[in-house]
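Everything on this sheet refers to the single structure shown next.
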Amino acid sequence: MESIDQALFNFSPRAGLAVAVMVGFLVFAVALDLTWDQFRRVLKSPRAPGVGLAAQYLVLPAAASGIGMLMAATPSIALGLLLVSCCPAGALSNYLTGVARGSVATSVSMTAISTLFSIVVTPLLFAFWAPMNPETRAMIERIEIEPVRVVMVLLIMLIVPVAAGMIIRAKSPATTDNIRHWVRRIAGLVFAVVVAILLLGNMSVLGSFASIALPPVLVTFTVAVLLGWGLARASGLVAADRRAVTLEVAFQNVALAIGLAVAFFPELAGVAITSILWGVVHLTVGFAIAAMWMRMPVADNPQAAE
């Protein structure tokens, strides 16, 4: 076993359950925006969401798999790259889209729909791409994942939060409109708390292995940004939609990835370390990108430079 996977993580089962519940709350915050209007909006104007979702679920996992084969020093780092890339967009992307003066409506639609799809798509994509890398295939074959655990984790982190958000939205739309902005702000704080808990308790471990795990994370994140922006521009989207699509493709629900890493790969610390470092990149480079765009005017011309 690689030295990164033998790292002693300061992470108790009780803390793991707390992270799972917090991840569920993040997903719930997104699900409050999941309405039939979102689907009608996508059907009426499918180009921007369609481009973003295709890049997010069809192209990015393939790119992450390739980068993992080329750059990852260990199979667990490659698995971490793949796991994050298979996750839906997170609520952070909606906030950053607003900061970046992008189309928040496009961002929210994509996040809500990708979150709903993730119940099925995320495990399927991971199961499809993980065996493509011979090293990760060999590692996956040695790991026994209990079906009961899979069901419980999906229930806590995805199925119940999505269902609860949709039911509350359908039954009490007025109440939902009153609380959704506060719920999203709390969700952003929860994301920061999840990353902080893992950072503060494992600084020495993360510092020891950042030199081998951070470079492929940065490369994959950069590819995600360029992928989202490039496909959006090639599709002729206006600047506000380009910014929304770029941030949606590049900003996955890292908290979900961390929760899944802890739940399914507790003996492979490299998976969790990679996911945590990706969260750090989101909170640093991501805010820098949004701040840069905030200072740039939004042009209506699809070919306008940014």
Side-chain angles (χ1 to χ4, degrees), residues 4-5 7 9 11 19 22-23 26-27 55-57 59-68 70-93 95-96 111 114 118 122 125-126 129-130 136 157 188 190-200 202-203 205-228 246-265 268-290:
I4 190 173
D5 298 321
F9 244 50
F11 203 75
V19 168
M22 286 191 285
V23 170
L26 287 168
V27 174
Q56 184 178 33
Y57 276 146
V59 185
L60 183 58
S65 178
I67 293 169
L70 293 173
M71 290 190 64
T74 70
S76 61
I77 293 175
L79 282 177
L81 296 176
L82 181 59
L83 181 61
V84 175
S85 70
C86 291
C87 287
L92 181 63
S93 64
Y95 172 76
L96 292 181
T111 301
S114 68
S118 69
T122 294
L125 282 174
F126 188 81
W129 285 108
T136 56
M157 295 188 189
V190 167
F191 172 73
V193 169
V194 170
V195 175
I197 288 174
L198 296 171
L199 277 177
L200 295 176
N202 301 280
M203 287 295 290
V205 173
L206 292 170
S208 299
F209 297 105
S211 61
I212 62 172
L214 190 55
V217 167
L218 286 170
V219 169
T220 309
F221 176 76
T222 302
V223 168
V225 171
L226 295 176
L227 175 65
T246 301
L247 294 172
E248 283 295 307
V249 174
F251 285 79
Q252 291 72 31
N253 190 334
V254 172
L256 175 62
I258 294 170
L260 294 174
V262 171
F264 294 130
F265 307 108
L268 298 176
V271 181
I273 288 172
T274 303
S275 302
I276 295 168
L277 290 175
W278 200 310
V280 174
V281 170
H282 276 184
L283 292 173
T284 52
V285 181
F287 272 89
I289 293 173

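Just so it is clear, the values below take in all heavy atoms, side chains as well, and ignore hydrogens, waters and symmetry mates.
- In terms of heavy-atom proximity, Val271 sits nearest to Ser76 at CG2-O, 3.5 Å.
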As a quick check of understanding, evaluate side chain to side chain contact (heavy atoms under 4.5 Å, CB included) for Tyr57 and Thr122, giving each step before the final call.
CA-CA 8 Å; Tyr57 276 146; Thr122 294; 4.3 Å; yes
Please report the C-alpha distance between Ile258 and Trp278 in whole Å, then the side-chain angles of each, then the deciding distance to 0.1 Å, and finally whether the side chain to side chain contact (heavy atoms under 4.5 Å, CB included) criterion is met.
CA-CA 10 Å; Ile258 294 170; Trp278 200 310; over 6 Å; no
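- If you take SG on Cys86 and CG on Asn253, they are separated by 13.0 Å, rounding to the nearest 0.5 Å.
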Only pairs under 3.5 Å count here: list side-chain donor-acceptor contacts from residues 209-221, not counting sequence neighbours, and write none if there are none.
residue: Thr220; atom: OG1; partner: Pro216; partner atom: O; Å: 2.7

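- The OG1 atom of Thr222 sits 12.0 Å away from the CG atom of Leu227 when rounded to the nearest 0.5 Å.
- For Ala257, the side-chain contact (heavy atoms from CB on, under 4.5 Å) partners two or more places apart in sequence, or in a different chain, are Leu83, Val84, Cys87, Ser275.
- Expressed to the nearest 0.5 Å, how far OG of Ser118 lies from CG of Leu256 amounts to 6.5 Å.
- Across all their heavy atoms, Ala250 and His282 have their closest contact at O-NE2, 3.1 Å.
- For Ala63, the side-chain contact (heavy atoms from CB on, under 4.5 Å) partners are Val223, not counting sequence neighbours.
- Qualifying side-chain contact (heavy atoms from CB on, under 4.5 Å) partners for Ser85, counting only residues two or more places apart in sequence or in other chains: Leu60, Pro61, Ala64, Leu82.
- The two residues Gln56 and Pro88 have their closest heavy-atom pair at NE2-C, 3.6 Å.
- Remark: Thr136 engages Pro75, Ala78, Leu79, Asn133 in a side-chain contact (heavy atoms from CB on, under 4.5 Å) (not counting sequence neighbours).
- Here the CG atom belonging to Leu81 is positioned 10.5 Å from the CG atom belonging to Leu277, to the nearest 0.5 angstrom.
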